[in-house]
Amino acid sequence: MAGNRTFTMLKPDAVTAGNIGAITKMIEEAGFKIVAMKKTRLSSELAGKFYEVHKARPFYGELCSYMSSGAIVPMILEKDNAVEDFRTLIGATDPKKAAPGTIRALFAKSIDANAIHGSDSDANAEIESNFFFSQFERF
Ligand code: UDP
Ligand code: MG
């Protein structure tokens, strides 16, 4: 059975462009409850840990420096079928391929600076939530 929580992170391009409010509004209007949220910044080393699964991919180095280039806003979200529904809400990785009306179609600048992260499985949602939030910040 699909779980009811997912993890997301507004990326530096979205934060720098002043889109925290607009994107968060879309998330809430789509029926997601914000369980935890903060504004923070990753070192390149921590970004590397977060994206460890992509270590072998050619864009890994640039991804780590990009993700540590500015503030980010990680969040834990709650809704039925959260992981799948949230991936639908954000759209494809490449904003040129993202469905109209999705967060990436509206706010992403490029395939790397693509505004927002969304977990791809319940297991990864749990791992990624634990990466940023202690048990006392999740209720
Ligand atoms: N990415 C990139 N170039 C690519 C593919 C991905 O820079 O060709 C970046 C992009 O920021 C993406 C992240 O790496 O969001 C993780 O890639 P993944 O394939 O997991 O995409 P996502 O799950 O974020 O849609
Ligand atoms: Mg992914």
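Atoms within each ligand, like the ligands themselves, are counted from 1 in listed order. Heavy atoms only: backbone and side chains are in, while hydrogens, waters and symmetry mates are out.
Remark: ligand 1 and Lys11 share an N or O pair separated by less than 3.5 Å (distance only, no angle test).
Surrounding CD of Glu84 are at most 12 heavy atoms belonging to other residues, nucleotides or ligands under 6.0 Å away.
With a 4.0 Å cut-off on non-hydrogen atoms, Asp112 touches ligand 1 through its backbone as well as its side chain. Using a 4.0 Å cut-off between heavy atoms, His117 makes no contact with ligand 1 at all. Neither the backbone nor the side chain of Met67 has a heavy atom within less than 4.0 Å of ligand 1. Within the 4.0 Å heavy-atom criterion, the part of Arg104 lying near ligand 1 is the side chain and not the backbone.
Heavy-atom distances between Arg57 and ligand 1 reach below 4.0 Å in at least one pair.
Checked for salt-bridge contact, Glu29 and Lys25 meet the test: a charged N lies under 4.0 Å from a carboxylate O.
At the shortest separation from atom 22 (P) of ligand 1 among protein heavy atoms lies Thr93 OG1, 3.5 Å. The protein atom (non-hydrogen) at minimum distance from atom 14 (O) of ligand 1 is Phe59 CE1, 3.3 Å. Looking only at heavy atoms of the protein, atom 23 (O) of ligand 1 is closest to Arg87 NH1, 2.8 Å. When only non-hydrogen protein atoms are considered, atom 10 (C) of ligand 1 lies nearest to Ile111 O, 3.2 Å. Annotation: atom 16 (C) of ligand 1 to nearest protein heavy atom, His54 NE2, 3.5 Å.
Remark: aromatic rings of Tyr51 and Tyr60 are distant, center separation not under 6.0 Å.
Using a 3.5 Å distance cut-off with no hydrogens or angles, the side chains of Asn114 and Lys11 do pair a donor with an acceptor.
Residue pairs that meet the salt bridge (Lys or Arg N to Asp or Glu O under 4.0 Å) test with at least one member in residues 123-139, sequence neighbours left out, are Lys38-Glu137, Glu126-Arg138. Contacts classified as side-chain hydrogen bond (donor to acceptor under 3.5 Å, both in side chains) and involving residues 13-23 (residues at least two apart or in different chains) are given here: Asp13-Tyr66.
Atoms NZ and CZ, from Lys33 and Arg5 in turn, are 6.5 Å apart once rounded to the nearest 0.5 Å.
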Worked check of side chain to side chain contact (heavy atoms under 4.5 Å, CB included) between Phe7 and Phe86: CA-CA 9 Å; Phe7 171 83; Phe86 194 72; over 6 Å; no
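With contacts defined as side-chain heavy-atom distances shorter than 4.5 Å, the pair Phe107/Ile116 does not qualify.
Counting atoms of ligand 1 from 1 in the listed order, those under 4.0 Å from a heavy atom of Asn114 are 10 (C), 11 (O), 12 (C), 15 (O). Taking a cut-off of under 4.0 Å to the non-hydrogen atoms of Leu63, the atoms of ligand 1 that pass are 9 (C), 11 (O), 14 (O).
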